[in-house]
Amino acid sequence: MSAADNLSFVRAEIAKAARAAGREPSSVTLVAVSKTFEAADIRPVIAAGQRVFGENRVQEAKGKWPALKAECPGIELHLIGPLQTNKVKDALDLFDVIHSLDRPALAAELAKGFAKLEGRPPPRLLIQVNTGAEPQKAGVLPEEADAFVAQCREGHGLAIEGLMCIPPFDENPAPHFALLAKIAARNGLDRLSMGMSADFATAIAFGATYVRVGSAIFGHRA
Ligand SMILES: *Cc1c(COP(=O)(O)O)cnc(C)c1O
């Protein structure tokens with residue numbers, strides 16, 4: 001199967017999962033995760049109509065996306081991996097959505113960067129929540145999430161669009177998706193970034209509005 005075939009299959013599965021949950025398929029945005037893949041692998045997926053892509057490293061994205069964006073206007077690029085404060089300027093030049101706002105220092109740096117955009121629209125922001133409280137994983141702890149949302153909004157003047165999580169890979173993801181949805185609801189947030197190749201249908205049942213799907217489209221990563 002080609003990546004374009006895989007894309008059609010994933011799109012159909014997203015629509016099926018949405019309908020099964022009583023939702024409009026258009027309420028779920030597919031973020032095609034192209035990390036580790038080269039422009040030559042990405043072009044056929046763009047040609048098949050996909051416009052929303054995700055990358056987890058600023059440096060890697062900087063190497064391939066400016067050219068791809070120039071070839072195809074209308075690309076929307078999402079940062080789904082951790083963001084170092086010294087890469088904020090590059091991130092603001094490249095990304096339309098950042099899913100990985102996860103600490104006060106980054107909120108402060110983003111607010112500073114937004115002030116220098118000179119009319120360009122700032123990226124939309126999602127706060128990453130470490131729903132499994134895993135020490136090696138980025139994200140605010142669930143019990144810190146409400147305070148961090150408030151700090152971003154009131155302390156830094158940042159508009160927050162939603163929340164993102166990556167459940168522990170060896171656990172049933174459903175309780176993690178449910179927890180993220182609950183934290184979002186009580187903070188008045190309606191965008192949820194959750195679900196990857198193995199579990200996007202479950203995530204959609206729990207309200208995902210962005211699913212981040214890599215290997216099911218592009219194949220296994222080296
Ligand atoms: C790599 C990655 C994905 C995509 O994972 P697949 O299992 O290949 O679909 C999703 N989200 C994040 C944060 C990632 O780093």
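Read the numbers this way: they start at 1 and go in the same order the structure lists the ligands and their atoms. For reference, positions follow the sequence shown, starting with 1.
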State the atoms of ligand 1, each with its element, that fall below the 4.0 Å cut-off from a heavy-atom position in [X].
X	answer
Val213	9 (O)
Gly214	4 (C), 6 (P), 8 (O), 9 (O)
Arg212	4 (C), 9 (O), 10 (C), 11 (N), 12 (C), 13 (C)
Ile166	13 (C)
Ser197	6 (P), 7 (O), 8 (O), 9 (O)

If only atom types and distance count, is the side chain of Lys16 paired as donor or acceptor with the main-chain N or O of Ala201 below 3.5 Å?
no

Has Thr131 got a side-chain atom pairing as donor or acceptor with Pro167's backbone, closer than 3.5 angstrom?
no

So His78 and Tyr210, would you call those rings parallel, tilted or perpendicular, with 30° and 60° as cut-offs?
perpendicular

To atom 2 (C) of ligand 1, the nearest of Met194, Gln128, Lys35, His220 on a heavy-atom basis is Lys35

For atom 12 (C) of ligand 1, which of Val33, Ile80, Val10 has the closest heavy atom?
Ile80

Only one of Arg51, Arg124, Lys69 passes salt bridge (charged side-chain N to carboxylate O under 4.0 Å, His left out) with Glu76; say which it is.
Arg124

Residue, atom name and distance, where the atom is the protein heavy atom closest to atom 10 (C) of ligand 1
Met196 SD, 3.2 Å

Take Met194 and His176, measure what side-chain contact (heavy atoms from CB on, under 4.5 Å) needs, and give me the verdict at the end.
CA-CA 9 Å; Met194 55 190 200; His176 296 274; over 6 Å; no

For Asn130 against Lys137, the heavy-atom pair lying closest together:
ND2-O, 3.1 Å

Whether Arg221 lies under 4.0 Å from ligand 1, heavy atom
yes

Hey, could you give me each pair passing salt bridge (Lys or Arg N to Asp or Glu O under 4.0 Å) that has a residue in residues 200-222? Not counting sequence neighbours.
none

